[in-house]
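So that the names make sense, note that chain A is the first sequence line, chain B the second, and so on, each numbered from 1. Heavy atoms only: backbone and side chains are in, while hydrogens, waters and symmetry mates are out.
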2 protein chains.
Amino acid sequence: MRDQPASQVTEIDQTQEPKTLVEAAYLRMRRDIIEGIYAPGEKLRVEHLKDQYEVGAGTLREALLLLVTDALVVAQGQRGFRVAPISIADCEDISHTRVLLETEALRQSIARGDDAWEAALVAAFHRLTRAEQKLCDNDDSTTEEWEKCNRAFHEALISASTSRWIRHFQQILYQQSERYRRVSLFRQPITRDIHAEHHALFDATLARDAARASSILSEHILRTLDAVKRLPVDFFSQRA
Amino acid sequence: MRDQPASQVTEIDQTQEPKTLVEAAYLRMRRDIIEGIYAPGEKLRVEHLKDQYEVGAGTLREALLLLVTDALVVAQGQRGFRVAPISIADCEDISHTRVLLETEALRQSIARGDDAWEAALVAAFHRLTRAEQKLCDNDDSTTEEWEKCNRAFHEALISASTSRWIRHFQQILYQQSERYRRVSLFRQPITRDIHAEHHALFDATLARDAARASSILSEHILRTLDAVKRLPVDFFSQRA
DNA sequence: TTATATAAAAATCTCGAGATTAATTATTGA
DNA sequence: TCAATAATTAATCTCGAGATTTTTATATAA
């Protein structure tokens, strides 16, 4: 269940090299948007960005259209492209929808997951544990490594789900929440013990306790929302 | 709540004229794919389609990328575009995910819907009723009219939902299920009383009976799945 | 006959320039 | 001084042609 492509739709396998200039530009721009190099609401001018990413105008437009699929970029006819805006209301919506989808997918995984699923989950949790041990030293590379492991862990949890569509939507929402997580981690230190939450989630899942696991997962997601809510309100002012 | 754009992401307002050639080609191709003019799995060659839709190659590529957002087209790097395949398993997945999302959105609507929501719902139901009365004569145009009213009714039901994301995903899934509904309606006559189901759903919603309404909605969606399951298996063989 | 390698054909991907539209600045009149 | 209009600038949208890659067809050898 791990060898299928990342998405039913785009078929862009992120583990290997991008096959085309469009995909390469798409992947680079996606990282830059999530990392906040381009601010929410900021205009994305093709004429400038094509030099930045060293591709033609048409190629860059196609990369932007791929980002529309991820809802990281908004396109308006005859008025170009913008980075998707952020807001507290949006973060609330993302979090609650994630709870709805991920808890359902987790229940499906626990009900139908086989040995291969368990093995992959154990491996993902192990890598996440290592990454969280290294997280103490405030290094950018360790944070990025943790982010990858965290994502892999959450995907491993639900990888035995029967629903490709839920997993597809989950990936979009996880990516969206990554934007908020970055700003909240950057502005205020982590007070909660994230590793303990992950450990409890891991244990309940392996014990096949669907009710407890989904309850922990739900609280886990909503705690990130609380952190965003504590940010100063002027943080969400959009850039023209 | 009705004057907001169709989607948070694409901002393509279908009620008014498309502002660009890309959008126009996108809308036409989308209709053609849903109507089955291009078979599931079929290769979509840019060189041929650009003549068909009378646009340049780059323009048509962009339209295809917009269809990737709807998961109606699958893109593979250096290997072009294909119509998204269909299968019974996919239809099951779509139906169950729709149940999960639409029942939740309906509960939110019933909990928070105001007078404007009720009024819009009553209007949508009225139009749907009229369309279902005219549906007896097996005309293509009346079927298309019914399809529009059915979609508007389902969207009106959940339009007071607090979650833009659920509504966004619902629109994608509804569009997907439309493909299956077309083939099942075409191959076998309608045995169930769809209007009675809609009426019961409408009454329970206006009565603010969330449990009953979501129960009816759930069964309503799953009955369409049953119709697809009754189709001959060779119907889902993909075209090269 | 089957399999492998080579050559031809077709399709995709990529780019830069021209046409159309939106945004900005300057001008005019009240 | 302010508002409305016109001219200028800038950006988007669109297209066709060339460069790569994939696919198909052909030929050769086992």
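The side chain to side chain donor-acceptor pair (under 3.5 Å) check on Arg98(A) picks up Glu102(A), Ser177(A), with sequence neighbours excluded. For Arg182(A), the side-chain contact (heavy atoms from CB on, under 4.5 Å) partners are Ile34(A), Glu35(A), Glu147(A), Glu178(A), not counting sequence neighbours. Residues satisfying the side chain to side chain donor-acceptor pair (under 3.5 Å) test with Thr162(B), not counting sequence neighbours, are Gln108(B). In this structure, the ring pair (Phe, Tyr, Trp, His ring centres under 6.0 Å) partners of Tyr174(B), at least two apart in sequence or on a different chain, are His154(B). Judged as a side-chain contact (heavy atoms from CB on, under 4.5 Å), and not counting sequence neighbours, the contacts of Ala105(A) are Ile158(A), Ser161(A), Ile166(A).
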Treat primed atoms plus P, OP1 and OP2 as sugar-phosphate and everything else as base, then score nucleotides 7-20 of chain D 5' to 3': B for base contact with protein heavy atoms under 4.0 Å, S for sugar-phosphate contact only, - for none. ----SBSBS-----

